[in-house]
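Take a look at the structure set out below.
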Amino acid sequence: MSTHTSVIAWGSGEDGQLGIGKNDEKEWVCVVEALEPCKVRSVVAGSRNSLAICEDGKLFTWGWNQRGTLGHPPETKTENVPSQVKALANVNIVQAAIGGWHCLAVDDEGRAYAWGGNEYGQCGEEPERKDDTGRPLRRDIVIPQPCASKLVVRQVAAGGTHSVVLTREGHVWTWGQPWPPGDIKQISVPVRVQGLERVKLIAVGAFHNLALQEDGTLWAWGNNEYGQLGTGDTQPRSQPVPVQGLSGLSLVDIAAGGWHSTALTEDGEVYGWGRGEHGRLGFGDNDKSSKMVPQKVNLLAGEDIVQVSCGGTHSVALTRDGRIFSFGRGDHGRLGYGRKVTTGQPMEVPIRILPPKVVGGRENEAEGHWIAKLVACGGRHTLAIVEWQNNK
């Protein structure tokens, strides 16, 4: 039996990143109507833009477009309705990522693509010109082009000004500007990250990186000013080091926000570390301090979490039975429950949208409810895929 899925969005819409046809912000969830004809498999929320991947491999983008981040010539500064990336229409996209102002995608044959801002080589192309001080001049890649062409890629991840890919052999490669601009010379040719083998998942924040190996060990490298590497200190690392405090846990998923990180165990428990301001770690209203090592998010204990997504200043957790919890900075409605209150207390996001339409255009008269299947946190907005489930 086929199921009906919808994409929902909430939070800031000033750049059109909600995809609802206007640039309003939403304190409650709303449906991205333009994606209703497409069975969406995955969504990604960036700092100011969004994308969706359909079951047939088509890629749709919307939101901020001043740097070519939507994958087509920026005729408008923002676009508030999803549109297909025509340059990738003939390939089957399976996964994608949004960085500071560039995007990455990978198809079913392991070929990677990049577009958007490229002044630090983050799209995999050497910036051609420099100013009088030797700094690269801005050169945007407005049409997706192949990158990391010598690699067979399994997963892509994008940081503020750098890119990271995981190959099918379990190796990690990176290029671009991995530190805040000016600290380290950028590279436009992929370089393998040493010391990592048999990696199964990667996650990238603004300027920090996580890699989960098949043996369950979690490694981190990059900037560490808020303890986002989980090393017990705030010293940056140019090479991967083990994340502390997770030994003996069976990790199944990881996520990185701008300056914070999370790990998920197979028992549905969440661990968080890094920047704690605004309560984005979920440790409670009175505990907004940064954490140098992972700590269990006890306020989500017993909820059986299957996915966590970290945004700029807020986070969202998904339960096995399809409920959504949000916590962190609350302005612009990014927490999704009708109040612009900043809180470190995880609160459930109500999915109050109409049932799917049936033949004849009437609302579905059968008793049922929406369950969430995937969540994606952006800078100031959130996306989710929900599925209609009839009550038995």
*Minimum heavy-atom separation for Gly336 to Val349, with atom names?*
O-CG1, 3.4 Å

_Ala52 versus Val43, closest heavy-atom pair with distance_ = CB-CG1, 4.0 Å

_Against Tyr113, only a single residue in Val91, Leu59, Leu104, Val106 fulfils side chain to side chain contact (heavy atoms under 4.5 Å, CB included); can you say which?_
Val91

*Name all residues meeting the side-chain hydrogen bond (donor to acceptor under 3.5 Å, both in side chains) criterion together with Ser149; count only those two or more places apart in sequence or in a different chain, and write none if there are none.*
none

_Could you check whether His102 and Asn118, counting side-chain N and O atoms only, form a donor-acceptor pair closer than 3.5 Å?_
no

*asked:* Test question: given the 4.5 Å side-chain rule for I, L, V, M, F, W and Y, name all other residues clustered with Ile254, or answer none.
replied: Leu201, Leu210, Leu212, Leu218, Val243, Leu246, Leu249, Leu251, Tyr271, Trp273

*Steps toward side-chain hydrogen bond (donor to acceptor under 3.5 Å, both in side chains) verdict (Asn224, Asp233)*: CA-CA 8 Å; Asn224 195 28; Asp233 56 35; 3.3 Å; yes

*Do His4 and Glu36 have a side chain donor and acceptor closer than 3.5 Å?*
yes

*Between Thr78 and Arg48, does any side-chain donor sit less than 3.5 Å from a side-chain acceptor?*
no

*Just grab all the disulfide (SG to SG under 2.5 Å) pairs involving residues 52-95, residues at least two apart or on different chains.*
Cys38-Cys54

*Can you see which heavy atom on Ala384 is nearest to which on Val375, and at what distance?*
CB-CG1, 4.1 Å

*asked:* Does the plane of the ring in His162 sit parallel, tilted or perpendicular to the ring in Phe207? Use 30° and 60° as the thresholds.
replied: parallel

*In terms of side-chain heavy atoms, does Thr343 have a donor or acceptor partner in Gln345 at a distance below 3.5 Å?*
no

*When rounded to the nearest 0.5 angstrom, what is the spacing between CH2 in Trp259 and OG in Ser290?*
12.0 Å

*Could you walk me through whether Thr217 and Asp215 pass side-chain hydrogen bond (donor to acceptor under 3.5 Å, both in side chains), step by step?*
CA-CA 6 Å; Thr217 57; Asp215 63 4; 2.7 Å; yes

_If you compare all heavy atoms of Lys200 against all heavy atoms of Gln213, which two are closest, and at what distance to 0.1 Å?_
CE-O, 4.1 Å

